[in-house]
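Presented below is the structure to which this report refers.
Chain letters run A, B, ... following the sequence lines, proteins first and then strands; every chain starts at 1. Since this is a predicted model, take the numbers as computed values, not measurements.
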Amino acid sequence: MRWSKTFIPTMKENPSDAEIPSHQLMLRAGLIRQLMAGAYTYLPLGWRAVRKAEAIVREEMDRAGAIELFMPALQPIDLFERTGRKSAFGNVLINFHITRGDRRVHVALGPTHEEVITDLIARHLNSYRQLPLCVYQIQTKFRNEERPRFGVLRTSEFLMKDAYSFASSLEQLNSVYDGMYHAYCRIFARAGLKYLPVEAESGPIGGDASHEFMVPANNGEDRIVHCPKCSYAANLERAETGRRAHAAPRSNGSAPLTQVATPNATSIEQVSRLLKTSPERMIKTLIYQVDGNPVAVLVRGDHEANEAKVRRAAGGQSVELADVATIQKVTGAPVGFAGPVGIQCPLLVDHDVAELVDAVTGGNAADMHTTGVNIGRDYQVETTHDLRMAAGNDPCPRCGGTLELVHGIEVGHVFKLGTKYSVSLKAEYLDEKEQLNPMIMGCYGIGVNRIVAALCETSFDENGLIWPLSIAPYEVLVIPLNVTDPETMEIAERTYRELQARGVDVLMDDRDARAGVKFKDADLIGIPLRVVIGGKGLKEGQVEVRWRWEADSRRVPVAEAVVAVDNLLRERKAADLAKVPQ
RNA sequence: CGGGGCGUAGCUCAGCUUGGCUAGAGCGUCUGGUUUGGGACCAGAAGGUCGCAGGUUCAAAUCCUGUCGCCCCGACCA
C-alpha cells in the first residue's frame, strides 16, 4: 500500500480527552476515531491490526478443533427471558422494539451468545454419540456500558471471539477446556502479549472452573495477585491468601471494654478520625444474609470483605448484604454501629481480626462504638476464616512466597458453565442407557480488539507504538526520502514491488514530505521494519534497514535489500514462533 | 446512578473573574518562493452560528436558567 493512497491521519499532539497510552497512541497513530462515547471507528491501519489478531484467533481455534459458525447479533428477547438473563443483564442488554407489519417485535443486540447457540444445539443434537462439540464465532457484541472508558478498552460495541462447548461428561468438558486454555496461551503468545492466566471466581461450580487471561498493565481495570515464586495467580475476587486459621483465638489485650459516644460517625474513616485510631486497629462488622439467615462478618477496618469467600465459609448458596430491618434486629442499632459483642447472630471472623488487641468496633447501639474489644474475652469463635479480598504482600497460598498486586487488562476468559443454559433451554442428549441428560457446557471468550488495545497499552516508547510482526498493520515501511529524485524512486518502487511479490505486508511512504516528518510518523505508527532509501546511504549504493525497537540501522547494498529484508523477517518470525507453547 | 472537570478554527489552547473595538495564538491545511536525513523558513490565504436553546442588558464567548455532548473518579460489569 502507498501512504498517499490510504488514509492514515496522524496527529502530532495528544487529544485532550485521551489519558492512557493506548488511547492516545491509537488516536495519534491514526488507528481509530471516536464516533460517540463507547463507539469507535477502526481506520485502515487499526482495522488491519484487528484483522491480524482475528486471523491468529481463527487459526488457533481451528487448530484446537473448534468449528466456526456465525450467529445473528439480532436476537429475540424471549431467549433471554427463558434463561433469566434479561433481568440479570438489566441495563447492559441493549434491547428495543421493531415494527413488522402490525406486530411489534422485541429484540436484543447480543451481549454474548449462550442463548442462541444453546437453543440451536438443543434443536439439532440429541445423542451422546454427537458429543463433544465445540463451536465458535468472531462477531460484534453489544453491551450498554453505563460508563465507557479508556478509549477502545471499554466500549459498548466490540469484537469478540466466543466459543461454546457441549459435552456429555465432565471428562469431555475438561478435555475441551484444557484444549481451549492451551489455544489461548498460543494466541496471546503469538500476538506478542505478556499475559498471565489467573484463577477467576467460578460461581457454584467451584474448583478450577474459570481462568481469565490478563495482560499486566498499570491502567488495567482488573486487579490480580500473583506469586513470582510459584506462578500462582488469581483475580482479587478469587484469590486465596496463605494466612493461617486461629483455633479458639484469644487476644491478650488489657484495656477495659468501654462504650464511647460517636454521634453521626458510621464509617470506618469517620470513627477512626473521631477516636484518633487507625482503620487497621478497627473491626469492620458487616451483616450479611446467607440463604436468608443473618451472619455477622468481621474483617479488619482497612480490609474488604469477599462475598464469595463468605458464601463458602458459611456453606450457603446466596449471599447479600442485610437490609436495614435485619441489621436493626440483630444489632439493636441503625446501620453503622454493628459490633461482635452481644450481637444476636452467628459470627464469621477473618484471620486478621484474631490478631487485633484492644480493637475498636461498633457498639450495637445508636451513635455508640466500643473500644478495648478483645477476641476470646469479649466474644468467642471456634476458628477464623479467609473472608477478605487478597492484597499485595499477603502470603502465597501455594508456596510461602509473597503475593504481588498488579493491574491487568482482561483479554480472554475460559469458563466451565455446567448445565445452567442447557437446563433452561433444554439442550439434552440421550446417553448409552437411554437416559436424558442436560449437556455440560463451557464458554470461552476473547476480546479481539482488546488484543490490539492491550498491545498499544504495553508496547510503545516516547516516539510511538512498537508492534510485534504478527499484529503490525504492515510488516515493512519503505521510505524513499526524496520522492522527486528518480533514482530514489526507481529503487523504492522496485523494493516495494519485490517485497509484495514475496508476500510481505509492505507500506511505502510516497508522500512528498520532509525526511523528519516521515521519520516521526514512522516511529509513531510503529511498523516493525523500516527501510530508508536515499540520501547518504544511497550515495554509497546502500539502503538502511532498522527494527523499530533497535537503536541502530544496518546498511545493505541496494541489490541485496529485498533478500536481506525478507531474511530478517523470516528470522524474526521464527524467533517469535519459538516462544509460543507447542 | 453519585462526585468532579470541560465544551471557542481540523488539533492543542488563550480570552470569561470585572459584559463593550473586526474573537486570538501555535500546529495543521491551501498558494507562491527558498529549502531537503528527525515534525524547515519567508510571504500570503482559507477556515468560527464561541455546543444548543432561552433569559438579563443599549450591548453576551463572557452574567443567569435549562439542555445536549465529552472526559475523569466511584458504583456497576453474564
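Atom C1' of nucleotide B:rC6 and atom CG of A:Asn14 are separated by 17 Å, given to the nearest angstrom. Following rounding to the nearest Å, A:Met26 (CE) and B:rC11 (C1') show an atom-to-atom distance of 19 Å. As rounded to whole Å, 13 Å separates atom C1' of B:rA75 from atom CD of A:Glu221. Whole-Å rounding puts the A:Arg149 CZ to B:rG74 P distance at 7 Å. In this structure, A:Arg33 atom CZ and B:rG10 atom P are separated by 14 Å, rounded to whole Å. Distance CD (A:Glu19) to C1' (B:rU12): 15 Å, rounded to an integer number of Å. What separates CG of A:Leu27 from P of B:rC71 is a distance of 11 Å, to the nearest Å. Rounded to an integer number of Å, the gap from CG of A:Asp222 to P of B:rC76 is 13 Å.
Across all strands shown, B:rU62 remains unpaired; no Watson-Crick or G-U wobble contact has both distances below 3.5 Å. Nucleotide B:rG7 forms a pair with B:rC68, judged by Watson-Crick or G-U wobble geometry with both contacts under 3.5 Å. Remark: B:rG38 base-pairs with no nucleotide; criterion is Watson-Crick or G-U wobble with both hydrogen-bond distances under 3.5 Å. Using N1 to N3 plus N6-O4 or O6-N4 for Watson-Crick, or N1-O2 and O6-N3 for G-U wobble, each under 3.5 Å, B:rU17 pairs with nothing. Pairing of B:rC1, defined by two Watson-Crick or G-U wobble distances under 3.5 Å, is identified with B:rG74. Under the Watson-Crick or G-U wobble criterion, with both distances below 3.5 Å, B:rG44 is paired with B:rC30. Of the nucleotides present, none pairs with B:rU57 by Watson-Crick or G-U wobble criteria with both distances under 3.5 Å.
Proximity of the aromatic rings of A:Tyr136 and A:His113 is defined here by a centroid distance below 6.0 angstrom, and this criterion is not met. Taking the centre of each ring, A:His211 and A:Tyr181 come in below the 6.0 Å mark.
Residue pairs meeting the side chain to side chain donor-acceptor pair (under 3.5 Å) criterion with at least one member in residues 510-523 of chain A, sequence neighbours excluded: A:Ser4-A:Asp510, A:Thr10-A:Asp521, A:Asp509-A:Arg511, A:Arg511-A:Asp521.
Across B:rC6 and B:rC52, the matching C1' atoms stand 16 Å from one another, rounded to whole Å. Comparing B:rC68 with B:rU29, their C1' atoms sit 30 Å apart, to the nearest whole Å. Taking atom P in both B:rU8 and B:rU62, one finds a spacing of 14 Å when rounded to whole Å. As rounded to the nearest Å, B:rG19 and B:rC64 have C1' atoms that lie 13 Å from one another. On the P atoms, B:rG24 is 31 Å away from B:rC71, given to the nearest whole Å. Comparing the same atom, P, in B:rU22 and in B:rA60 gives a spacing of 13 Å after rounding to whole Å. Taking atom C1' on both B:rC58 and B:rG66, the two are 26 Å apart, rounded to the nearest angstrom. As rounded to the nearest Å, B:rU34 and B:rG47 have C1' atoms that lie 26 Å from one another.
A:Thr326 contributes no side-chain N or O that, together with a main-chain N or O of A:Ala322, makes up a donor-acceptor pair within less than 3.5 Å. Within the 3.5 Å criterion, the main-chain N or O of A:Pro111 finds a donor-acceptor partner in the side chain of A:Arg143. In this structure, A:Arg450 contributes its side chain and A:Leu153 its backbone to a donor-acceptor pair below 3.5 Å.
Distances shown here put every side-chain N or O of A:Arg147 at or beyond 4.0 Å from the OP1 or OP2 atom of B:rG2. For the pair A:Ser16 and B:rC13, the criterion of a side-chain N or O lying under 4.0 Å from OP1 or OP2 is met.
Candidate nucleotides B:rA78, B:rC73, B:rC71 were compared by shortest atom distance to the side chain of A:Met160, and B:rA78 ranks first. With distances taken from any side-chain atom of A:Glu13 to the nucleotides B:rA78, B:rC70, B:rG26, the minimum falls on B:rG26. You'll find that the side chain of A:Pro15 is closest to B:rC11, out of B:rC76, B:rC11, B:rA78.
Within the cation-pi definition used here (under 6.0 Å to the ring centroid, within 45° of the axis), A:Lys416 qualifies as a partner of A:Tyr177.
Both A:Ala18 and A:Glu114 sit near RNA chain B, but only A:Ala18 has its closest nucleotide nearer the 5' end.
A:Gln34 comes within contact range of the sugar-phosphate backbone alone, with a heavy-atom separation under 4.0 Å but no base atom that close. Using a 4.0 Å heavy-atom distance criterion, A:Tyr421 is classed as a sugar-phosphate-only contact. Nucleic acid contact for A:Thr112: none, since no nucleic acid atom lies under 4.0 Å from a heavy atom of the residue. The residue A:Ala88 sits apart from the nucleic acid: no heavy atom pair falls under 4.0 Å.
Using a 3.5 Å distance cut-off with no hydrogens or angles, the side chains of A:His413 and A:Tyr184 do not pair a donor with an acceptor.
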**Prompt:** Along nucleotides 31-39 of chain B, 5' to 3', which nucleotides get a B, which get an S, and which get a -, given that the test is a protein heavy-atom distance under 4.0 Å?
**Reply:** ----B-BBB

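For the side chain to side chain contact (heavy atoms under 4.5 Å, CB included) with A:Asn235, the qualifying choice from A:Met389, A:Glu212, A:Glu410 is A:Glu212, the only one to do so.
Taking the six-membered ring where the residue is Trp, A:Phe188 and A:Phe213 present tilted rings, their angle falling between 30° and 60°.
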